[in-house]
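This is a predicted model, so every value here is computed, not measured. Just so it is clear, the values below take in all heavy atoms, side chains as well, and ignore hydrogens, waters and symmetry mates. The chains referred to below are lettered A, B, ... by the order of the sequence lines, with proteins before strands, and numbering in each begins at 1.
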Amino acid sequence: MTTKFTPDHEYIRVEGDIGTVGITDYAQEQLGDIVFVELPAIGKVLKKGDEAAVVESVKAASEIYAPVSGEVVEVNVVLTNSPGTLNTASEGEGWMFKIRVANSAEIETLLDADGYADLTL
Amino acid sequence: MSASEAETLLTVPLNDQHIAAGGRMVPFSGYSLPVQYPTGIMAEHKWTREQAGLFDVSHMGPCFLTLTGSTGDADSDYTEIAGIVEPLVCGDILNLKPGQIRYTLFLNENGGVLDDLMIGRSPLHPGALYIVVNAGIKEADFSRLKAAAGDRARLQRADDNVLLALQGPKAAEILSKLVPGVSELSFMTYSTFPWGDEDLTISRCGYTGEDGFEILCSPQQAPRLWETLLSDERVKPIGLGARDSLRLEAGLPLYGHDLDETISPIEADLGFAVSKRRREAADFPGAQRILAEREGKLSRKRVALIVEGAPAREGAEILDAAGNAIGVVTSGGFAPTLGKAIALGFVPPEHAAIGSKLQVSVRGRLQPAEAVAAPFVPHNYFRKPA
């Protein structure tokens, strides 16, 4: 299992050909209290960089982009009723959706943990 | 934010205190101001509704307008000073009682709103007014007041001072400990009170819907006042984020969003700000349009909406039940007290009636919305028993 990051503060945890996507702890901290989450439809085919979901804080709406290309195979419905889970456990229970990775080479273009940490210093 | 923008931002005298308190500083109306402190907007919002929140609103435009020469008679002095500002606004300024404050509007010749402001009659000096205008357009407002005053009155800016707002159900109890006498103020009155070796100008008003006070003090006194207020465990510093969600829940319009030069007081549901005496005299800018609109001849009206689903933010389209576009959201967000999305916007009057079933378009998706009575959360202002 590897975890990679985008400069837009999404993470993807890859197991086999399935990637679990969410926003980093740093991102949820920056957004503040999250009050609404819009998740993608299961079956939706996304290209890397496509808008996949929307996270709304009290202040503003923020788009969440697909870190890699693929088909959405599962979404975390917990977030629909408890959007605050993104604040308490964004990199755990607050994952947003799972994607079947179409092109594993795209994974390699993302940041590793050290690279992402440098970005958020 | 680019470096050049950062260089041009003004800082408020309590800038260091905000940073020390963990304030997340953002550009706002040309100033660097805290949008939130570490506990976050939701907690700050709820704290203000339950205890007392301390806001730094020093970016706003407090000022004093004072007659250059006294007539020797207190009533005549007041008539003279009120006569300078009254032609610019739609409120009855002439009949303010000493210490009384009125919410009113600067209007253009078409009856559009140039700004909303507070005008207070000095409780001590017959020829003086205390005026507070909005941050973003204060230069234009000050120029307007100066031009109207000519050599009859002097405008003394006070926006280099510190203006703090203490808001919430515990505000009166907390401030009375420091400044005995403030609990005697009723809603929309002000006076000066000694504190340390200077006077504070304290008004009982605010823009959160809660009981509370606005306190004008010198930059020298401000750090001590800030620290003293925060040493009470019932007081927490509150940023711009919660300030906006509180005023939205209170159904209060915000200049530049729910009010602009094209919107009239009647359209904005601020008919109460057009005083009876002024209506009868029809002597305010744009009177013709505004009086006609009062009779029902208006094309749009402010509506308060409860929105199902994602928050509908400023700019979101409002549609009728059949899907016809009828208006736009001017302020919208999440109401922490209600746990729901709420919005203000403008629609044709027939769609603004309470109970109207409407829709809003959020990211291209239609969501149900219902017109409700404003305020969304009941006001909790302090009214003195008669």
Does a side-chain N-to-carboxylate-O contact under 4.0 Å join B:Arg363 and A:Glu63? no
Which value, rounded to the nearest 0.5 Å, describes the distance between A:Lys59 atom NZ and B:Gln36 atom CD? 5.0 Å
Is it the side chain or the backbone of B:Ala242 that comes within 4.5 Å of chain A heavy atoms, both, or neither? neither
Less than 4.5 Å apart, any side-chain heavy atom of A:Val35 and any of B:Met42? yes
Which atoms of A:Thr80 are under 4.5 Å from chain B, going by heavy atoms: the side chain, the backbone, both sets, or neither? neither
Closest heavy-atom contact between B:Gly309 and A:Phe36? C-CE1, 3.4 Å
Please classify the contact of A:Ala61 with chain B as side chain, backbone, both or neither, using a heavy-atom distance under 4.5 Å. both
Top of B:Pro311, B:Pro336, B:Gly40 for chain A proximity - count of heavy-atom pairs under 4.5 angstrom: B:Pro311
Does atom CD of A:Glu93 have more than 12 heavy-atom neighbours from other groups under 6.0 Å away? no
Chain A contacts, top residue of B:Ala310, B:Ala335, B:Gly333 (heavy-atom pairs, under 4.5 Å): B:Ala310
A:Val58 and B:Ser245: which non-hydrogen atoms are nearest, and at how many Å? CG1-CB, 4.3 Å
With a 4.5 angstrom heavy-atom cut-off, could you sort out which part of A:Val37 is near chain B: side chain, backbone, both or neither? neither
Please determine whether a side-chain nitrogen of the Lys or Arg among B:Arg313 and A:Glu56 lies less than 4.0 Å from a carboxylate oxygen of the Asp or Glu. yes
Is atom NZ of A:Lys48 surrounded by more than 12 heavy atoms (other residues, nucleotides or ligands) closer than 6.0 Å? yes
